Amino acid sequence: MAPFLISIAMTYLGRFAPSPSGPLHMGSLVAALGSYLRAKSQSGKWLVRIDDLDPPREVAGSADAILRSLEAHGLHWDDSIFYQSSRFQDYQEQLQQLLSAKLAYACDCPRKRIQALGGFYDGHCRDRQLATHQQGIRLRNQFPCYQFMDELKGQITLEPHWAEEDFLLKRRDGYFAYQLAVVLVDHAQGITEVVRGADLLETSGRHISLYQTLGLTPPKWAHLPLAVMANGQKLSKQNHAPQLSQQQVISNLLQALTILNQPLPENATHASPDEVIQFAINHFDWQAIPKSNQLIESQV
C-alpha cells in the first residue's frame, strides 16, 4: 500500500514537531535542542513541522511565537516549515485505502465505555461493519509492537494491552489522529531518526505497528528525558509551564544543556545564542544524555 509521497533521505534527517497549543517552554526547548544537536552533530538536516491537527486545542498566534522563540535560541531549521494540516486530503486518501483493504474500521464506542474497561479498547466494533460517516476510525492492529530498540535507552518493552490495541486513526469529530498523520509525514519527508521526549515512548510502538501495516520502513527512535517540576509534573502546556523568556536566552540554553548533561561553554554569559549552539554541537555527547524518563528541571 503506497503512501501519498515517498522521499529518500541521503543523509541524517531529524525534526521537531510542536503543537501550536501554547508558547515554547523549557520542556519543549529540551526536546528541540536534543533533536537539533543529534542532527547537526552528524552533519544532518533538522526540520521543523507544526503539528496543527487539533484546531480546538490551538492557541491563536502560538505557531509563529514558537518559531520566533526557536530562532531566538539559535535553533535554525533547514528547508521550509511544514504544517501538518496542509495534507488532510492525503490523510483521508490513505485512510480510505486502509478501510478498503479492511485494515481499518469504524467505531462508535464512547470514551466512557473505554474508560470503564480500564482505558484500553477491546475491539468491540471490529466486526460490526458500521458506516464510517461521523464515526471514529481504528486500525485493525495486525502487527502489535511489543518491543523496539531506542537509540538512547536500549530495548523498550511495551505492555501487551497497549501493543495490541486497535488505536484511532481518525476521531469521531472528524479530526485526524496524531498516529496517522505523523507516520505519513515522517515517511514522506524522509525522517531517518525521531528524537523526542520520553512522554511519547509508548506512542512510538503504535507508530511502528502502523509502519508495518503500510509496508513502510520506520525511522530510528530516541527518547529524551522530560524536564519535570519538583512535584513530578512534566513541564507542558497542560500543566501551565511558563513561557520561555527571550530576555534570558543564554540562561535557557544552559539550563536545557544541563538537563541533557552536556558540557557548558565558559563565559557563556558573554556569548551569543549561535555561539552557545555551535559549542554544543562541537562538544555534543550523545551517550551522556540521562537514560531516565524524567529529570527535575535544573536551574543554572
Side-chain angles (χ1 to χ4, degrees), residues 12 14-19 24-42 44 46 48 69-70 73-75 145 147-159 162 191-208 218-242 244 248-266 268 271 273 276-300:
Y12 184 101
R15 51 76 160 173
F16 176 59
S19 61
L24 204 70
H25 53 76
M26 180 54 65
S28 47
L29 179 62
V30 169
L33 181 60
S35 64
Y36 183 90
L37 294 178
R38 176 69 162 166
K40 294 302 178 179
S41 66
Q42 300 182 71
W46 186 72
V48 171
S69 189
L70 289 173
H73 286 82
L75 299 177
C145 176
Q147 293 181 328
F148 69 92
M149 184 58 62
D150 184 286
E151 298 297 311
L152 186 64
K153 299 175 179 295
Q155 182 169 283
I156 303 298
T157 300
L158 302 176
E159 291 291 334
W162 176 270
I191 300 301
T192 60
E193 184 177 59
V194 174
V195 179
R196 56 189 179 186
D199 53 334
L200 293 169
L201 189 64
E202 292 180 325
T203 300
S204 293
R206 294 192 163 177
H207 294 169
I208 292 169
K220 294 180 179 180
W221 312 90
H223 295 83
L224 303 170
L226 301 177
V228 300
M229 295 176 281
N231 62 6
Q233 286 188 320
K234 76 168 185 173
L235 291 171
S236 67
K237 296 160 189 173
Q238 286 183 326
N239 292 330
H240 308 293
L244 289 177
Q248 53 184 45
V249 166
I250 299 300
S251 176
N252 295 339
L253 287 173
L254 297 181
Q255 188 170 336
L257 287 170
T258 299
I259 292 171
L260 293 171
N261 197 31
Q262 297 300 301
L264 303 181
E266 297 180 3
V276 172
I277 291 295
Q278 190 58 55
F279 175 92
I281 293 171
N282 294 341
H283 296 83
F284 183 57
D285 187 347
W286 177 249
Q287 295 303 322
I289 296 176
K291 307 301 189 290
S292 59
N293 287 342
Q294 295 186 341
L295 291 173
I296 293 177
E297 181 188 12
S298 303
Q299 298 294 332
V300 176

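Everything numeric here is computed off the predicted structure, so don't read it as measured data. Basis for what follows: all heavy atoms, side chains included, without hydrogens, waters or symmetry-related copies. Note that the numbering runs from 1 along the sequence shown for the chain.
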> At their closest point, which heavy atom of F279 faces which heavy atom of P263, and how far apart are they?
Replying inline: CE2-O, 3.6 Å
> Checking K291 side chain against K153 main chain: does a donor-acceptor pair fall under 3.5 Å?
Replying inline: no
> What class does the angle between the rings of F148 and W221 fall in, given that below 30° is parallel, 30 to 60° is tilted and above 60° is perpendicular?
Replying inline: perpendicular
> How many angstroms lie between CZ in F284 and CG in L257, if you round to the nearest 0.5 Å?
Replying inline: 9.5 Å
>> Can you confirm whether L33 sits close enough to H73 that some side-chain heavy atom of one is under 4.5 Å from a side-chain heavy atom of the other?
In response: no
> Is a donor on one side and an acceptor on the other found under 3.5 Å between the side chain of D150 and the backbone of H223?
Replying inline: yes
>> Tell me whether E159 at atom CD has more than 12 heavy atoms from other residues, nucleotides or ligands lying less than 6.0 Å away.
In response: no
>> Once rounded to the nearest 0.5 Å, what's the spacing between atom CD1 of I208 and atom CG of L158?
In response: 8.0 Å
>> Distance check, rounded to the nearest 0.5 Å: L152 atom CG versus L224 atom CG?
In response: 6.5 Å
> For the atom pair NZ (K40) and OG (S35), what is the distance rounded to the nearest 0.5 Å?
Replying inline: 11.0 Å
>> Please find the pair of heavy atoms, one from P225 and one from S292, that lie closest to each other, and give the distance.
In response: CB-O, 3.3 Å
>> Return the OG1 to CG distance between T258 and L264, rounded to the nearest 0.5 Å.
In response: 4.5 Å
> Is there side-chain contact between I259 and M26, with at least one heavy-atom pair below 4.5 Å?
Replying inline: yes
> Tell me, do Y36 and L70 make a side-chain contact under 4.5 Å, heavy atoms counted?
Replying inline: no
> Between V276 and V249, does a side-chain contact (heavy atoms from CB on, under 4.5 Å) hold up when you go through it step by step?
Replying inline: CA-CA 10 Å; V276 172; V249 166; over 6 Å; no
> Which atom pair, heavy atoms only, marks the closest approach of P219 to V194?
Replying inline: CG-CG2, 3.8 Å
> Do you know the tightest heavy-atom contact between A32 and W46?
Replying inline: O-CZ2, 3.7 Å
>> Can you tell me how far apart CG (L201) and CG (N293) are? Round to the nearest 0.5 Å.
In response: 6.0 Å
> So, for G27 and A227, which heavy atoms are closest and what is the spacing to 0.1 Å?
Replying inline: CA-CB, 4.3 Å
>> Show the nearest heavy-atom pair for residues L253 and L29, with the distance to one decimal.
In response: N-CD2, 4.5 Å
>> Counting C-beta onward and ignoring hydrogens, is there a side-chain heavy-atom pair between R196 and S204 closer than 4.5 Å?
In response: yes
> Any donor-acceptor pair under 3.5 Å linking the side chain of N261 with the backbone of P290?
Replying inline: no
>> Please check this pair: side chain of S41 against backbone of L37, looking for a donor-acceptor N/O pair closer than 3.5 Å.
In response: yes
> Which of these, R38, K220, Q42, sits in a side chain to side chain donor-acceptor pair (under 3.5 Å) with E193?
Replying inline: R38
